[in-house]
Colleague: 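Got a structure for you, written out below as structure tokens; questions coming shortly.
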Amino acid sequence: NAKSHNRSKLFELTQRIVAQLPAGSVESFEDIYGWVYQGGRDLSGFIDGTENPADDEWRERVAVEPATGGSYVITQKWIHDHKFLQAAPTKTLEAAVGRSKADSTELSRKHIQSHVARM
């Protein structure tokens with residue numbers, strides 16, 4: 001995972017890193033760029049990261065190993081069915097997530113298979 005405000009430099013950096021890896025150690029490579037959508041919502045329109053640490057001090061406390069100063073990043077690649085997300089009633093989407101779409105309030109009655117109930 002790498003971040004830069006200059007995509008050209010970011011591209012060049014990733015190309016150099018991949019070129020330095022041992023031959024045959026990388027089967028495939030994807031160059032994917034992320035962005036902040038609608039002020040922090042996911043592509044389904046729900047507020048993303050509701051339960052994540054909000055301030056820098058708390059983020060550092062949960063992300064940095066005190067003994068070594070190290071940390072790691074986990075990334076995910078989601079494939080969205082945009083036609084479904086646009087056509088589905090809000091109540092259906094809220095039931096699947098377990099939160100309200102407008103303000104991310106956790107639903108008092110949520111399906112056992114909802115995202116929130118499984119976390």
Colleague: If the condition is side chain to side chain contact (heavy atoms under 4.5 Å, CB included), which residues does Glu57 pass it with, not counting sequence neighbours?
Modeller: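 Glu57 satisfies side chain to side chain contact (heavy atoms under 4.5 Å, CB included) with Asp55, Arg61 only.
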
Colleague: Go through the structure and list residues passing side chain to side chain contact (heavy atoms under 4.5 Å, CB included) with Lys83, not counting sequence neighbours.
Modeller: Asp81

Colleague: Working to the nearest 0.5 Å, report the span between CZ of Arg99 and OG of Ser104.
Modeller: 4.5 Å

Colleague: Which pairs of donor and acceptor atoms, one on a side chain in residues 40-47, lie under 3.5 Å apart (sequence neighbours left out)?
Modeller:
from: Arg41; atom 1: NH1; to: Gly45; atom 2: O; distance (Å): 2.8
from: Arg41; atom 1: NH1; to: Lys101; atom 2: O; distance (Å): 2.9
from: Arg41; atom 1: NH2; to: Ala102; atom 2: O; distance (Å): 3.1
from: Asp42; atom 1: OD1; to: Ser44; atom 2: N; distance (Å): 2.9
from: Asp42; atom 1: OD1; to: Ser44; atom 2: OG; distance (Å): 2.5
from: Asp42; atom 1: OD1; to: Gly45; atom 2: N; distance (Å): 3.1
from: Asp42; atom 1: OD1; to: Phe46; atom 2: N; distance (Å): 3.1
from: Asp42; atom 1: OD2; to: Ser44; atom 2: OG; distance (Å): 3.3

Colleague: Should we count CD of Gln15 as having more than 12 external heavy atoms under 6.0 Å?
Modeller: yes

Colleague: Pairs under 3.5 angstrom only: tabulate donor-acceptor contacts from the side chains of residues 105-112 to other protein residues two or more places apart or in another chain.
Modeller:
from: Thr105; atom 1: OG1; to: Asp103; atom 2: OD1; distance (Å): 2.7
from: Thr105; atom 1: OG1; to: Asp103; atom 2: OD2; distance (Å): 3.2
from: Glu106; atom 1: OE2; to: Lys110; atom 2: NZ; distance (Å): 2.9
from: Lys110; atom 1: NZ; to: Leu107; atom 2: O; distance (Å): 3.0
from: His111; atom 1: ND1; to: Gln113; atom 2: N; distance (Å): 2.8

Colleague: Mind checking whether Leu21 and Phe29 have side chains closer than 4.5 Å, heavy atoms only?
Modeller: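 Leu21 vs Phe29: side chains apart.
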
Colleague: Checking the side chain of Thr92 only, and the main-chain atoms of Ala88 only, is there a donor and an acceptor separated by less than 3.5 Å?
Modeller: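 Checking the backbone N and O of Ala88 against the side chain of Thr92, no donor-acceptor pair under 3.5 Å is found.
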
Colleague: Take atom CZ in Arg118; do more than 12 heavy atoms of anything else shown fall under 6.0 Å from it?
Modeller: yes

Colleague: To the nearest 0.5 Å, what is the distance between CZ on Arg7 and CG on Leu13?
Modeller: 15.0 Å

Colleague: So which atom in Ala95 and which in Ser114 form the shortest heavy-atom distance, rounded to 0.1 Å?
Modeller: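 Closest heavy-atom pair between Ala95 and Ser114: O-CB, 3.3 Å.
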
Colleague: Running the 4.5 Å side-chain criterion over Ile, Leu, Val, Met, Phe, Trp and Tyr, what cluster does Trp78 land in, apart from itself?
Modeller: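 Besides Trp78, the hydrophobic cluster comprises nothing; the residue is isolated.
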
Colleague: If the condition is side chain to side chain contact (heavy atoms under 4.5 Å, CB included), which residues does Asp56 pass it with, not counting sequence neighbours?
Modeller: Arg59

Colleague: To the nearest 0.5 Å, tell me how far Gln20 CD sits from Ser25 OG.
Modeller: 11.0 Å

